[in-house]
Amino acid sequence: MSDLHDEVLRWYAAAARDLPWRRADATPWGVYVSEIMLQQTPVSRVEPVWHDWMHRWPTPADLAAESPGEAVRAWDRLGYPRRALRLHAAAVAITEQHNGVVPESFDQLLVLPGVGTYTAAAVSAFAFGIRVPVVDTNIRRVHARLVGGVAQAAASLTAAERDLAAELLPEDPSEAATWNVAVMELGALVCTARAPRCGACPVADRCAWQLAGAPAYDGPARRGQKWAGTDRQVRGRLLRTIREADGPVERPALDVVWHDQTQRERALSSLVEDGLVEPLPGDRFALPR
DNA sequence: AATCCGTGGGT
DNA sequence: TACCCAAGGAT
C-alpha cells in the first residue's frame with residue numbers, strides 16, 4: 001500500500017461519519033436507496049427520509065407492491081421527485097427481473113431507471129465490495145486539487161479523470177472499496193468546494209494544489225441555474241400541493257399557487273407527462289396510482 | 001454538449 | 001441579500 005493510500009485510509013478510519021447506510025447491517029437495497037436519495041441532495045436531509053423508507057419498504061418487493069404515488073409522497077421534499085418515480089420503477093424491475101435481489105455488477109445496475117455511471121459504480125462498490133472506480137463530484141474535486149493542482153475539476157467528467165480514478169484505485173478489493181468511500185468522505189468533510197480545511201487534511205503535504213500556493217480557479221465562470229420564476233419552481237409548488245393533500249385536488253387549489261396561467265398549465269402538463277401527477281375526471285389531480 | 005429537473009442550508 | 005452548492009441522470 002502506498003503512503004497516499006495509507007494516509008487517506010487512516011484518516012477515514014478515524015474521521016468517517018457513522019452513516020446508517022454504511023453500517024454493517026445495511027442491506028444492498030438500503031445502499032441503493034441511499035445513493036438515489038443522495039443525488040444532488042445533502043446527507044442531513046436524506047437521513048430521516050431514508051429511515052422512513054427502510055422501515056416502510058425494507059426490500060425492493062415491498063416498494064414494488066406500492067403505487068408509484070406513495071413513493072412520490074414519501075419522497076417528501078427531497079427534491080427532484082422524478083427520482084422517486086424511477087426508484088419505484090427500479091424496485092419493480094429488481095423484483096421482476098432479479099428475483100427481488102439487487103444486482104451486483106456495474107452493467108446490470110446501469111440499466112436500472114435512475115442509475116447512471118456514478119450510482120452503478122457506487123452501489124457495486126459500497127454494497128458488494130466490488131473493485132470498481134467511483135467518481136463523484138467530491139472525488140473529482142479531490143483529484144483536481146491533489147493531483148491536478150487546480151481548485152476545481154473540469155465542467156464535465158473527462159476520460160482523463162476516469163483514467164486517474166482507475167489508476168489510484170488500490171489493487172486489493174477490500175482496500176479499493178474503502179478507498180472509494182474514503183476519498184469521497186475527504187471531499188465532503190475536508191476538501192470542500194468553498195472553504196477547504198487543508199489544516200485537517202491528511203495529504204495536504206503532497207497536494208499539488210497546496211504546493212502550487214492554492215491558486216484560485218481561473219477558468220470560465222459557470223453560470224448558475226436560475227430558480228425564481230422558472231417552471232421548476234412552479235412544478236415544485238404544484239406537486240407540493242398535490243402531495244400534501246389527503247385526496248385528489250380540485251383545480252382552484254392549483255390555480256392559487258402561481259399567477260401566470262400559461263406557465264401554470266405548462267408546468268402541470270409536464271408533471272402529468274412525467275407521470276408525477278395523474279389527471280382524474282372532474283378536473284381533479286392526484287398522485288399516480 | 002447544454003439544459004432541464006427541487007429544495008434548503010451555508011456564507 | 002444573493003448567490004453557491006449538495007453522493008447525478010436523462011434527453
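Below, read A as the first sequence line, B as the second, and so on, with proteins coming before strands; counting in each chain starts at 1.
- Annotation: of the two residues near DNA chain B, A:R194 and A:Q39, the 5′-most nearest-nucleotide partner is A:Q39.
- Few gaps surround CG on A:D25; more than 12 heavy atoms of other groups in view lie less than 6.0 Å from it.
- If you check every strand for non-hydrogen atoms under 4.0 Å, A:T119 touches sugar and phosphate atoms only.
- When rounded to the nearest whole Å, the span between CG of A:L239 and P of B:dC4 equals 20 Å.
- Rounded to whole Å, the separation between the C1' atoms of C:dT11 and B:dA1 comes to 11 Å.
- Residue contacts shown for A:T117 are limited to sugar-phosphate atoms, with no base heavy atom under 4.0 Å away.
- The CG-P distance, from A:L112 to C:dA10, rounds to 10 Å in whole Å.
- One P atom belongs to B:dG8, the other to C:dG9, and the distance between them is 23 Å to the nearest Å.
- For A:R266 and B:dC5, the CZ to C1' distance is 14 Å, given to the nearest whole Å.
- Of the candidates B:dG6, C:dA6, B:dT7, B:dT7 carries the atom nearest the A:R243 side chain, counting heavy atoms from C-beta on.
- Taking atom P on both B:dC5 and C:dA2, the two are 23 Å apart, rounded to the nearest angstrom.
- Near DNA chain B, defined here as any heavy-atom distance below 4.0 Å, there are no residues from residues 126-149 of chain A.
- Taking only side-chain nitrogens and oxygens, A:Q40 comes nearer than 4.0 Å to OP1 or OP2 of C:dG8.
- Base engagement by A:Q225 is indicated by at least one non-hydrogen atom pair under 4.0 Å involving a base atom.
- A salt bridge is defined here as a Lys NZ or Arg NE, NH1 or NH2 lying under 4.0 Å from an Asp or Glu carboxylate O, and A:D260 with A:R264 fails to meet this definition.
- Shortest non-hydrogen contact noted between A:P60 and A:V102 is CG-CG2, 4.3 Å.
- Backbone-only contact: A:A193 has heavy atoms under 4.0 Å from sugar-phosphate atoms and none from a base.
- Residue A:T41 places a side-chain atom within donor-acceptor reach of the base of B:dG6, judged by atom type and a 3.5 Å distance cut-off alone.
- In this structure, A:E35 places its CD atom 14 Å from C1' of C:dG9, rounding to the nearest Å.
- Side-chain proximity of A:Y118 to C:dC5, C:dG8, B:dG6: nearest is C:dG8.
- Between the A:T241 side chain and the A:R237 main chain, a donor and an acceptor come within less than 3.5 Å of each other.
- Checking A:P113 against A:E185, the closest nucleotide of DNA chain C that is more toward the 5' end is the one next to A:E185.
- A donor-acceptor pair shorter than 3.5 Å cannot be found between the side chains of A:Y118 and A:Q39.
- Nucleotides B:dG6 and C:dT1 place their P atoms 26 Å apart, quoted to the nearest Å.
- Nucleic acid contact class of A:W21 (heavy atoms, under 4.0 Å, all strands): base.
- Using cut-offs of 30° and 60° on the angle between ring planes, the pair A:Y32 and A:W29 is parallel.
- Proximity of A:R77 to the phosphate of B:dG8: a side-chain N or O atom is located under 4.0 Å from OP1 or OP2.
- Each of A:R22 and A:V115 lies near DNA chain C, and the nucleotide nearest A:R22 is the one positioned closer to the 5' end.
- Among the atoms of the strands shown, none is found under 4.0 Å from any heavy atom of A:L110.
- To the nearest angstrom, C1' of B:dT7 lies 10 Å from CZ of A:R232.
- Between the C1' atom of C:dA6 and the CE atom of A:M37 lies a distance of 16 Å, rounded to the nearest Å.
- Applying the 4.0 Å criterion to OP1 and OP2 of B:dA2, one finds that A:S156 has every side-chain N and O outside that range.
- A:R45 comes within contact range of at least one nucleobase, with a heavy-atom separation under 4.0 Å.
- Of the side-chain N and O atoms in A:R235, one or more sit less than 4.0 angstrom from OP1 or OP2 of B:dG6.
- Residue pairs meeting the side-chain hydrogen bond (donor to acceptor under 3.5 Å, both in side chains) criterion with at least one partner in residues 192-215 of chain A, sequence neighbours excluded, do not occur; the list is empty.
- Across the protein-nucleic acid pair, A:L78 atom CG and C:dA7 atom P stand 15 Å apart, rounded to whole Å.
- Looking at heavy-atom distances under 4.0 Å, A:G116 makes contact with sugar-phosphate atoms alone, never a base.
- Between A:P103 and the choices A:V123, A:L110, A:I94, the side chain to side chain contact (heavy atoms under 4.5 Å, CB included) rule is met once, by A:I94.
- For A:Q108 and A:S105, the side-chain atoms include at least one donor-acceptor pair closer than 3.5 Å.
- For the pair A:L271 CG and B:dC5 C1', the interatomic distance rounds to 11 Å; values are reported in whole Å.
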